[in-house]
Amino acid sequence: QVQLVESGGGLVQTGGSLRLSCAASGRTFSRYAMGWFRQAPGREREFVGGISWSGRSTDYAHSVKGRFTISRDNAKNTVYLQMNSLKPEDTSVYYCAAETSSSAYDIPLRAGAYDYWGQGTLVTVSS
């Protein structure tokens with residue numbers, strides 16, 4: 001069983017920055033591909049970005065590319081989402097997710113491919 005706990009959400013003004021963290025339990029965190037998703041009210045959950053378990057591959061949604069950066073610290077069992085130049089349309093609940101069977105370079109893009117989810121953290125960007 002893997003438990004994921006997100007933190008770092010909050011209220012920020014347009015153009016501001018936040019860093020989300022996702023702490024994972026489990027001895028094999030270093031072999032999990034990790035993804036960040038978000039879901040706004042009335043909308044489907046969407047892929048924001050992900051990082052392979054090796055850390056050698058990252059991928060981002062077009063809407064956040066160049067503004068958001070994903071990193072991981074396997075010694076701390078933690079993955080991060082650095083969000084810069086935030087926009088009101090980034091307002092959402094952000095979830096981290098773990099996928100336990102991907103290869104060293106794979107990053108699943110579909111929510112259904114992930115095995116474990118955190119409870120989410122709310123990010124609100126004011127205009």
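Predicted model, so just to flag it, every value in this text is computed and none were measured.
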* Neighbour count above 12 (heavy atom, 6.0 Å) for E46 CD ->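 It does: E46 CD has more than 12 such atoms within range.
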Validation row: [X], [Y] side chains within 4.5 angstrom (heavy atoms):
{"X": "V48", "Y": "Y60", "result": "no"}
{"X": "S57", "Y": "I51", "result": "no"}
{"X": "I70", "Y": "Q82", "result": "no"}
{"X": "V2", "Y": "D115", "result": "no"}

* Asked: Between D90 and R67, what is the shortest heavy-atom contact and its length?
  ->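 The pair with the smallest heavy-atom distance is OD2-NH1, 2.8 Å.
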* Structure fact -> Nearest heavy-atom contact between A104 and S54 is O-OG, 2.5 Å
* List, by chain and number, the other hydrophobic cluster members for Y105, where Ile, Leu, Val, Met, Phe, Trp and Tyr join if side-chain heavy atoms come within less than 4.5 Å, directly or indirectly. => none
* Structure fact -> Students should find that the hydrophobic cluster of Y114, defined by side-chain heavy atoms under 4.5 Å apart, otherwise consists of F37, F47, V93, Y95, I107, L109, W117, L122
* Asked: What pairs with S71 under side-chain contact (heavy atoms from CB on, under 4.5 Å), at least two apart in sequence or on another chain?
  ->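 Testing S71 for side-chain contact (heavy atoms from CB on, under 4.5 Å), a comparison that skips the adjacent residues, returns Y80.
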Are [X] and [Y] linked by a side-chain donor-acceptor pair shorter than 3.5 Å?
{"X": "T78", "Y": "D73", "answer": "no"}
{"X": "T91", "Y": "E89", "answer": "no"}
{"X": "N84", "Y": "S17", "answer": "yes"}

* **With F68, the side-chain contact (heavy atoms from CB on, under 4.5 Å) member among L20, L86, T58** =>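 For F68, the side-chain contact (heavy atoms from CB on, under 4.5 Å) check succeeds only for L86.
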Look only at the side chain of [X] and the backbone of [Y], and say whether a donor-acceptor pair between them is shorter than 3.5 Å.
{"X": "R72", "Y": "F29", "answer": "yes"}
{"X": "N77", "Y": "S25", "answer": "no"}
{"X": "S92", "Y": "Y94", "answer": "no"}
{"X": "S21", "Y": "S7", "answer": "no"}
{"X": "E6", "Y": "C96", "answer": "yes"}
{"X": "T100", "Y": "Y32", "answer": "no"}

* Supply the atom-to-atom distance N74 CG to R31 CZ, rounded to the nearest 0.5 angstrom. => 10.5 Å
* To do: Quick one: pull up CD in E99 and CZ in R110 and give me the separation to the nearest 0.5 Å.
  => 10.0 Å
* To do: Could you please spell out the steps behind the side-chain contact (heavy atoms from CB on, under 4.5 Å) verdict for M34 and L4?
  => CA-CA 10 Å; M34 299 298 296; L4 304 174; 4.1 Å; yes
* **CA sep, side-chain torsions, deciding dist, call: M83, V123, side-chain contact (heavy atoms from CB on, under 4.5 Å)** => CA-CA 10 Å; M83 305 186 295; V123 171; 3.8 Å; yes
